[in-house]
Amino acid sequence: MLDKREFPKGFLWGAATSAFQVEGAAFQDGKGMTTADVRTAKKRDVQMDTSVSVDHYHHLEEDVLLMKELGMKAYRLSISWARIFPNGNDREPNQKGVEFYHELLDLLKENNIEPIVTMYHFDLPMGLVNQYGGWVSRKAIDDFVNYADFLFKEYGDKVKYWLTINEQSVMVFMPDMLGIDVENNSEEEILKKSQMANYNMFIAQAKVFKLCHDKLPNSKIGPAISYITAIPASMKSKDLLAAKQLNDYQAFSYMDIAVKGEIPQYYKKMLGNMGILFEQSEEDIKTLKEGTADFLGVNWYCTTIVKKKDDCDKNSSIFKQVEMIKDKDLLYTDWDWNLDPVGLRYALQALNDRYPNVPVMITECGWSQKEKLEDGKIHDEIRIKYLKEHIYQMYLAIEDGVNLIAFNPWSFIDILSSSDGMEKRYGLVYVDRDDFNEKSMKRYKKDSYYYYQNVIKTNGSDLIEECDKF
Ligand code: BG6
C-alpha cells in the first residue's frame with residue numbers, strides 16, 4: 001500500500017494532442033505538405049481538414065495558459081516533421097517552424113509543464129512520398145534519423161521525455177498515411193508494402209533510441225503504442241487464444257521489439273501465415289538490439305471483446321479470425337468504443353508481468369462524443385465518469401506494483417479526429433467551431449476540465465476517497 005491514498009509524488013498529470021490535429025496553419029510559414037494533410041483534404045466534403053483545425057498555431061499563449069490553469073504537470077505534443085523539414089530531408093530547416101516549437105517549449109517551461117514530445121504522429125512529409133514512396137523505402141530510415149538528430153540538437157536541453165513514432169500498428173491499417181498509393185496497388189501489394197514500411201519504422205526507431213542515448217544521456221525515450229486490450233468473449237480456450245493472439249499481433253509485438261530489441265518468433269510466424277516473409281540482415285538484428293526503449297508509451301482507450309470464428313482461414317490475419325462482441329453491461333461511444341476501466345487495470349498488470357522494470361506512461365486515454373455548447377457550457381458527465389473510473393483503476397494498478405509514471409488523457413483540447421473530423425470530440429477544452437464553419441474558435445472549459453483540475457490539485461486523493469466507497 002502507498003503511505004497516503006494519493007498518486008506517487010512527481011506523477012506526471014498531463015494531457016495530449018498531436019500537431020496535425022490541433023495546429024492548423026498547415027500551409028503557413030513554410031510548412032510542407034504531409035500525408036495527414038492529403039488524407040483529410042480528400043474527405044473535405046464530409047469533415048474538416050488540417051488547414052485551420054483548432055488553430056492552436058495562432059492560440060499558443062492562450063492554450064498554454066489554459067494548461068497552466070488546469071494544473072497540468074506535463075503536456076504531450078507532437079512536432080510536425082514537415083514544419084521543420086518541409087520536404088522531410090531538406091538541407092536546411094525551416095526557421096519559422098523551428099522557432100514555433102521553441103516558443104511552445106519555452107511557454108511550457110515558464111509554466112512548469114514538462115513537455116513529452118512525439119517526433120512523428122501520423123504526418124509523414126509528402127516530399128518523402130514523392131521522392132521515394134515514403135516508409136516503403138529504406139531511405140526513410142536515414143531521413144527519420146537525421147530529423148531526430150536535428151530535434152535532439154535543437155531542443156535537447158528543453159525536452160526530457162521523447163516519443164518516437166505514434167501508433168505504428170495503427171498506421172499499418174492506414175497505408176496512405178505511410179505514403180502508399182492505395183488507389184493504384186492491389187490489396188496484396190498494399191499489405192506487402194505496409195509491412196515493409198512497418199519493418200523500416202522498427203529499424204528507424206531503434207536507431208533513434210540509440211541516438212538519443214548517445215546524445216542525450218539524461219533524456220528518456222520510448223514508443224507510443226496503441227493497446228486496445230483484447231478480452232476473450234468466453235473462457236473457452238479458443239477465445240482465450242484468439243484474444244492473446246490479437247494482443248500479440250497488435251500491441252505486444254511492437255512492445256517486445258521496442259523493449260527487448262528483437263522481432264519475436266510468434267510475430268514472424270503470424271506475418272508468415274499472411275505471406276509476409278522477410279530476411280533480416282545481421283546489421284538490422286544488431287541495430288534492433290542496440291536501440292531499446294527506456295519506457296513504454298501506451299495509448300489506451302478501451303477493451304475489445306473477441307470471439308474466435310468457427311469458419312475461418314487459419315492462415316489469414318488474426319483480425320479475420322475473430323468477431324468483435326458488444327458487452328451489454330458496458331457503455332459505448334457512438335463509434336463503438338467501450339468504457340471498461342477494469343480493463344485498464346488488467347492491461348497495466350499484463351504490461352507489468354511482461355516488462356517488470358519498464359516504466360509505463362499513458363500517452364492517450366479518452367472518451368469521444370458529439371457535443372453542443374449551451375450557455376457557454378459543456379456538461380460532459382460521461383467523460384467525467386470515464387476519467388474518474390480509469391484514474392481509480394490506474395491507482396489500483398500502481399498499488400498492484402505497476403510503475404506508472406504519467407497520465408495524458410486524449411485530448412487536452414478538441415481535436416480534428418483522425419477518422420471523424422470535428423464531430424467526434426475528445427477535449428477537456430471545447431473549441432467553438434464545427435466541421436464546415438470556423439466560427440469564433442473561442443475556447444470553453446468543459447465540466448471535465450474542472451473535474452480533472454481537482455484531481456491534479458489533490459494528486460488523486462479526493463477521487464480515490466470517493467471511489468474507495470463503492
Ligand atoms: C489514436 C491516435 O489512435 O486515437 C490519435 O493516436 C487519435 O491521433 C485517437 O485521434 C482517436 O482516434 P480517432 O480516430 O477517434 O481520432
Side-chain angles (χ1 to χ4, degrees), residues 14-24 26 34-37 39-40 42-43 46-50 53-54 56 75-81 116-124 163-178 198 201 205 222-230 250-251 254-255 296-304 319 332-339 344 347 361-371 380 382-383 386-387 390 406-429 431 434-435:
T17 64
S18 91
F20 81 92
Q21 295 179 279
V22 292
E23 283 178 5
T34 71
T35 50
D37 298 326
R39 184 186 163 92
T40 57
K42 283 190 183 151
K43 296 203 246 173
V46 287
Q47 65 181 56
M48 82 181 194
D49 60 22
T50 54
S53 187
V54 295
H56 176 60
Y75 172 47
R76 179 191 175 210
L77 63 120
S78 84
I79 291 183
S80 167
W81 185 346
I116 300 169
V117 176
T118 314
M119 298 171 170
Y120 164 47
H121 190 124
F122 294 171
D123 47 357
L124 183 69
L163 292 161
T164 45
I165 300 177
N166 182 70
E167 294 195 348
Q168 197 179 311
S169 68
V170 171
M171 281 196 286
V172 174
F173 292 96
M174 302 194 289
D176 52 336
M177 283 291 210
L178 298 168
N198 200 21
M201 283 190 278
Q205 173 167 266
I225 294 176
S226 168
Y227 182 23
I228 288 190
T229 307
Q250 269 299 91
Y254 291 81
M255 297 185 194
L296 277 173
V298 172
N299 293 355
W300 199 93
Y301 286 84
C302 57
T303 53
T304 179
F319 280 101
Y332 281 79
T333 67
D334 288 343
W335 296 269
D336 272 349
W337 289 20
N338 69 26
L339 192 158
L344 176 57
M361 194 184 266
I362 293 183
T363 36
E364 287 180 32
C365 183
W367 180 259
S368 59
Q369 58 187 24
K370 295 176 189 165
E371 286 169 346
D380 50 346
I382 305 183
R383 184 169 297 110
Y386 181 97
L387 285 171
H390 284 78
F407 177 59
N408 294 281
W410 187 262
S411 48
F412 163 64
I413 196 165
D414 286 340
I415 47 105
L416 157 64
S417 150
S418 51
S419 51
D420 299 284
M422 202 62 205
E423 194 187 27
K424 189 189 212 174
R425 293 183 186 255
Y426 284 93
L428 300 164
V429 174
V431 180
D434 62 27
D435 272 317

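Just so you know, ligand 1 is whichever comes first in the structure, and atom 1 is the first atom listed for that ligand. When reading the values below, keep in mind they use all heavy atoms of this one structure, side chains included, and skip hydrogens, waters and symmetry mates.
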Trainee: Return yes if some donor-acceptor pair links the side-chain N/O of Asp37 with the main-chain N/O of Thr34 below 3.5 Å, else return no.
Mentor: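 Between the backbone of Thr34 and the side chain of Asp37 there is a qualifying donor-acceptor contact (under 3.5 Å).
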Trainee: Which protein non-hydrogen atom lies closest to atom 10 (O) of ligand 1, naming both residue and atom, and how far is it?
Mentor: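 So the nearest neighbour among protein heavy atoms is Gln21 NE2, 2.9 Å.
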Trainee: So, is Trp337 polar-close to ligand 1, with some N/O to N/O distance under 3.5 Å?
Mentor: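 No, Trp337 has no N/O under 3.5 Å of an N/O on ligand 1.
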Trainee: At their closest point, which heavy atom of Asp435 faces which heavy atom of Glu423, and how far apart are they?
Mentor: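 Shortest heavy-atom contact: OD2-N, 3.6 Å.
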Trainee: Classify the angle between the aromatic ring planes of Tyr120 and Trp81 as parallel (below 30°), tilted (30 to 60°) or perpendicular (above 60°).
Mentor: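 Ring orientation, 0 to 90° scale: perpendicular.
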Trainee: Specify whether Tyr301 and Trp337 have parallel, tilted or perpendicular ring planes, treating 30° as the upper limit for parallel and 60° as the lower limit for perpendicular.
Mentor: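 If you compare the ring of Tyr301 with that of Trp337, the planes turn out perpendicular.
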Trainee: So, 4.0 Å and heavy atoms of Asn299: is ligand 1 close enough to count as a contact?
Mentor: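 True for this residue.
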Trainee: Would you tell me which option among Trp335, Tyr301, Tyr426, Phe20 has the nearest heavy-atom contact to atom 15 (O) of ligand 1?
Mentor: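 That would be Tyr426.
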Trainee: Tell me which protein heavy atom sits closest to atom 7 (C) of ligand 1, plus the residue, atom name and distance to 0.1 Å.
Mentor: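 Residue, atom and distance for the closest contact: Ser418 OG, 3.7 Å.
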Trainee: Does Asp420, backbone or side chain, put an N or O under 3.5 Å from an N or O of ligand 1?
Mentor: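 Between Asp420 and ligand 1 (N or O atoms, distance only) the closest approach is not under 3.5 Å.
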Trainee: Heavy atom to atom 1 (C) of ligand 1, shortest distance: which of Met174, Glu364, His121, Met171 holds it?
Mentor: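 Nearest option to atom 1 (C) of ligand 1, by heavy atoms: Glu364.
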Trainee: Hey, which of Ile165, Asn198, Asp176 is the one that makes side-chain contact (heavy atoms from CB on, under 4.5 Å) with Met171?
Mentor: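 Exactly one option meets the side-chain contact (heavy atoms from CB on, under 4.5 Å) with Met171, and it is Ile165.
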Trainee: Which of the numbered atoms in ligand 1 are under 4.0 angstrom from any heavy atom belonging to Lys424?
Mentor: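 Numbered from 1, ligand 1 contributes 13 (P), 14 (O), 15 (O).
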Trainee: What protein heavy atom sits nearest atom 3 (O) of ligand 1, and how far off is it?
Mentor: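 Going by distance alone, atom 3 (O) of ligand 1 is nearest to Glu167 OE1, 2.3 Å.
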Trainee: Any idea how Phe173 and Phe319 line up, ring-wise: parallel (<30°), tilted (30 to 60°), or perpendicular (>60°)?
Mentor: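 Plane angle over 60°, so perpendicular.
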Trainee: Any salt bridge between Lys424 and Glu371, counting N to O under 4.0 Å?
Mentor: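 Looking at Glu371 together with Lys424, the answer is no, because their closest N to O distance does not fall below 4.0 Å.
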Trainee: Could you check atom 14 (O) of ligand 1 against the protein and tell me its nearest heavy-atom contact, residue, atom and distance included?
Mentor: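 I find the closest protein heavy atom is Ser419 OG, 2.5 Å.
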